[in-house]
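Structure record follows, encoded as C-alpha cells.
Bear in mind the structure is a predicted one, so any value in this text is a computation, not a measurement. Counting starts at 1 for both ligands and their atoms, following the listed order.
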Amino acid sequence: RATPVEAILGLGSNIGDLRVQIDCAVAALHATPGVRVTRHSAYYRTAPWGQTDQPSFLNICIAVETTLEPRTLLETALRVEREAGRVRRERWGPRIIDIDILFYGDEVIDEPHLHVPHPYIGERAFVLAPLADIAPDRMIGSRSVREAAAAIDTSGIERLD
Ligand SMILES: Nc1nc2nc(S)n(CCO)c2c(=O)[nH]1
C-alpha cells in the first residue's frame, strides 16, 4: 500500500530469556522493510491467561507505521516468531514469543487466522495494561482503552521499571 497505517501489536513470551526474546522480536519487526516501530509500552510481568499451569509471561505492546497489507503483516509476525525458534504446539501453551495484531488502522478484518481488532483485547489485562501506555484513546466497542484498562482486574499484572 502507498500510505502507511498505524498498527498495534501485542508481544508475549514465557519461555527462555523473556526480555531478550521480546527485544529481539521488536528489533526484527523494525528491521522489516515496510515496518517502522514508533512506540513501545513498558514491560509487564503477567499471570498466564487461558492455560494457567504455565510460567508467567512478559508482555508489551508496540505501535508500528506499516505499508504492509494486513495478511503480509501477519506473515511477518509469524516469520519473526519462527526465527525466534517458536514451535507451535499447544494452542494456548507456553511459547518463546507470541505476536498478535491487535489493531490495523481502524479496519475490521475477519478472515481465517486474521481477526482484527483482536477478539479478546477487552478481556485481557495483559493486553490492556501495556496498550494503555501507547494507545489509551483507541476505542474497544463503546469504551476507550484507558477506561477498559482502569476497569479490569489487574491483580496478576506487574509493571516493570
Ligand atoms: N499473561 C499472558 N497470558 C497469555 N495466554 C496466552 S494464550 N498468551 C499468548 C498471547 O495470546 C498470553 C500472554 O501473552 N500473556
Where's the contact between Ala47 and ligand 1, heavy-atom distance under 4.0 Å: side chain, backbone, both or neither? backbone

For Asp17, does the CG atom sit with more than 12 other heavy atoms under 6.0 Å from it, leaving out its own atoms? yes

Should Arg95 be counted as touching ligand 1, given the test is an N or O pair under 3.5 Å? no

Between Gln54 and ligand 1, is there a nitrogen or oxygen pair with a distance under 3.5 Å? no

Determine, for Arg95 against Glu81, whether the closest basic-nitrogen to carboxylate-oxygen distance falls under 4.0 angstrom. no

Output the distance between atom SG (Cys24) and atom CG (Leu11), rounded to the nearest 0.5 Å. 11.5 Å

Rounding to 0.5 Å, atoms CD (Glu111) and CG (Leu74) come to a distance of 9.5 Å

Output the list of atoms in ligand 1 that are nearer than 4.0 Å to some heavy atom of [X], sorted by atom number.
{"X": "Asn59", "value": "1 (N), 2 (C), 13 (C), 14 (O), 15 (N)"}
{"X": "Asp100", "value": "10 (C), 11 (O)"}
{"X": "Arg124", "value": "11 (O)"}

Could you work out, for atom 6 (C) of ligand 1, the closest of Tyr44, Tyr120, Trp49 by heavy-atom distance? Trp49

Donor + acceptor pair across side chains of Thr3, Arg1 (<3.5 Å): yes

Working for side chain to side chain contact (heavy atoms under 4.5 Å, CB included), residues Ile157 and Ile152: CA-CA 11 Å; Ile157 308 293; Ile152 199 166; over 6 Å; no

